Amino acid sequence: MQARVWPYLAPYLALVGLAELGGRLPSLEAPLLGARVLLPALLVLAAWRQGAYPELRGAHGAAGVQDVALGLAVAALWVAPYLLWPALPRGEPFDPDALGPSLRPVWLALRVSGFVLVSPLVEELFVRSFLHRAAEAWPAWRDFWRRSVGRPERVAFAVTLVWFTLSHVPWEWWVAAPTGALFNLWLYRRGRLASVWLAHATANGAIAALVLLGPWQLWAFL
């Protein structure tokens with residue numbers, strides 16, 4: 001049966017759109033961050049309950065030590081240059097006390113849950129499941145579902161690499177590009193979207209841990 005496009009597009013557009021609004025409307029930062037976590041998650045859940053994402057169903061043994069190890073390596077790739085060269089430019093830091101000290105734990109829990117649990121899943125479903133296969137099938141991109149996930153293809157590799165890089169803020173591009181390439185190659189090696197999802201979530205989780213528990217000022221990464 002033909003796969004629908006909205007389960008891949010709607011959560012991703014919600015995630016990206018709400019993040020853009022949050023940057024433009026700082027007075028609405030709190031409700032927009034909450035929506036940025038909840039709305040994409042609810043859309044993914046609704047699509048899953050309707051039978052979407054066959055590439056994630058029955059993925060036995062998808063979670064592995066190798067996937068976690070790659071995620072930790074990606075976290076090191078992302079953060080280490082900024083620890084070695086603190087003068088490197090970075091964006092505006094996340095304010096953990098934006099809602100006041102009493103709500104700091106709630107505010108941080110909301111941000112971290114979106115960063116670790118929601119964003120990696122939504123991004124991988126769109127970039128390396130939908131966009132990669134749509135680029136392979138172009139111009140008949142709606143037939144993306146006929147392509148198997150994890151099939152190496154040069155044009156699709158380039159398209160997803162450029163998209164993944166540009167979807168991050170400019171000061172992150174130089175670490176986002178090799179990260180996107182590593183995730184693509186890992187998808188080809190493992191042949192399972194769940195492996196890249198786990199690696200991505202591990203990377204974000206490790207970065208979040210460094211931000212929250214480390215002695216460095218890394219709030220721009222959260």
Side-chain angles (χ1 to χ4, degrees), residues 1-25 28 31-59 62 110-111 113-169 172-173 176-177 179-181 183-184 186-188 191-201 203-204:
M1 184 175 69
Q2 182 173 351
R4 293 162 295 177
V5 174
W6 80 261
Y8 300 91
L9 290 183
Y12 186 79
L13 290 176
L15 182 73
V16 173
L18 289 167
E20 183 68 19
L21 280 176
R24 295 177 181 272
L25 302 172
L28 298 177
L32 287 173
L33 179 58
R36 181 180 169 188
V37 174
L38 294 176
L39 183 57
L42 290 174
L43 288 169
V44 168
L45 179 60
W48 175 268
R49 296 185 64 179
Q50 293 181 25
Y53 316 128
E55 63 272 34
L56 292 179
R57 296 179 183 273
L110 186 63
R111 181 68 185 104
S113 62
F115 186 64
V116 177
L117 301 178
V118 177
S119 293
L121 175 59
V122 171
E123 289 182 19
E124 294 308 327
L125 283 170
F126 176 78
V127 176
R128 267 162 281 273
S129 182
F130 167 73
L131 184 60
H132 193 288
R133 290 186 289 168
E136 288 181 58
W138 186 266
W141 64 271
R142 286 186 177 275
D143 291 334
F144 75 95
W145 58 277
R146 297 183 184 275
R147 307 289 178 126
S148 59
V149 173
R151 175 179 176 269
E153 208 277 335
R154 291 181 180 178
V155 172
F157 183 99
V159 168
T160 52
L161 176 58
V162 170
W163 187 283
F164 182 81
T165 301
L166 296 183
S167 67
H168 292 79
V169 291
E172 294 178 314
W173 285 352
T179 295
F183 282 159
N184 279 354
W186 195 246
L187 178 66
Y188 300 158
R192 296 188 298 252
L193 186 69
S195 287
V196 188
W197 169 22
L198 177 60
H200 195 158
N204 283 17

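From a predicted model like this one, the values you see are computed outputs, not experimental measurements. If you read the sequence from its start, that first residue is 1, and numbering goes on from there.
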Determine, stepwise, if the pair Leu117 / Val37 fulfils side chain to side chain contact (heavy atoms under 4.5 Å, CB included).
-> CA-CA 9 Å; Leu117 301 178; Val37 174; over 6 Å; no

Taking all atoms of both residues into account, what is the closest heavy-atom pair of [X] and [Y], and its distance?
X	Y	result
Gly180	Leu161	C-CD1, 3.9 Å
Pro40	Pro11	CB-O, 3.7 Å
Leu187	Gly150	CG-CA, 3.7 Å
Pro54	Gly51	CD-O, 4.5 Å
Val149	Ser129	CG2-OG, 4.1 Å

Give a yes or no answer on whether the side chain of Gln50 reaches the backbone of Ala52 with a donor-acceptor pair at less than 3.5 Å.
->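 Such a contact is absent between Gln50 side chain and Ala52 backbone.
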
May I ask you to decide if Val196's main-chain N or O and Trp186's side chain share a donor-acceptor pair within less than 3.5 Å?
->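 No.
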
Would you mind reporting whether [Y] and [X] have side-chain heavy atoms less than 4.5 Å apart?
X	Y	result
Val118	Val44	no
Pro152	Phe157	no
Leu21	Leu28	no
Leu125	Trp197	no
Leu131	Phe144	no
Phe130	Trp141	yes
Thr160	Phe183	no
Pro7	Tyr53	yes

Any salt bridge (charged side-chain N to carboxylate O under 4.0 Å, His left out) pairs touching residues 122-137, not counting sequence neighbours?
-> Glu55-Arg133, Glu124-Arg128, Glu136-Arg147, Glu136-Arg151

Salt bridge (charged side-chain N to carboxylate O under 4.0 Å, His left out): which pairs involve residues 155-167, sequence neighbours left out?
-> none

Atom [atom1] of [X] and atom [atom2] of [Y]: how far apart are they, to the nearest 0.5 Å?
X	Y	atom1	atom2	result
Leu193	Leu121	CG	CG	8.0 Å
Leu32	Leu25	CG	CG	6.5 Å
Leu45	Leu38	CG	CG	11.5 Å
Asn184	Glu153	CG	CD	11.0 Å

Identify, with sequence neighbours excluded, every residue that meets side-chain contact (heavy atoms from CB on, under 4.5 Å) alongside Ala35.
->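 Result, side-chain contact (heavy atoms from CB on, under 4.5 Å) vs Ala35: Leu18.
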
Partner set under side-chain contact (heavy atoms from CB on, under 4.5 Å) for Ala19, not counting sequence neighbours |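 By the side-chain contact (heavy atoms from CB on, under 4.5 Å) rule, Ala19 matches Arg36.
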
Any chance CH2 of Trp138 has more than 12 other-residue heavy atoms, nucleotides or ligands included, within less than 6.0 Å?
->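 Not buried by this count: 12 neighbours or fewer within 6.0 Å.
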
For the rings on Phe164 and His132, is their centre-to-centre separation under 6.0 Å?
->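 No, ring centres 6.0 Å or more apart.
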
Could you tell me which residues satisfy side-chain hydrogen bond (donor to acceptor under 3.5 Å, both in side chains) with Tyr12, sequence neighbours excluded, listed by chain and number?
->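 Partners of Tyr12 under the side-chain hydrogen bond (donor to acceptor under 3.5 Å, both in side chains) test: Trp163.
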
Residues two or more places apart in sequence or in another chain: which of them pass side-chain hydrogen bond (donor to acceptor under 3.5 Å, both in side chains) with Arg49?
-> none

Working for side chain to side chain contact (heavy atoms under 4.5 Å, CB included), residues Leu39 and Leu43 | CA-CA 6 Å; Leu39 183 57; Leu43 288 169; 4.1 Å; yes

Under 3.5 Å, is there a donor-acceptor pair between the Ser119 and Asn204 side chains?
-> no

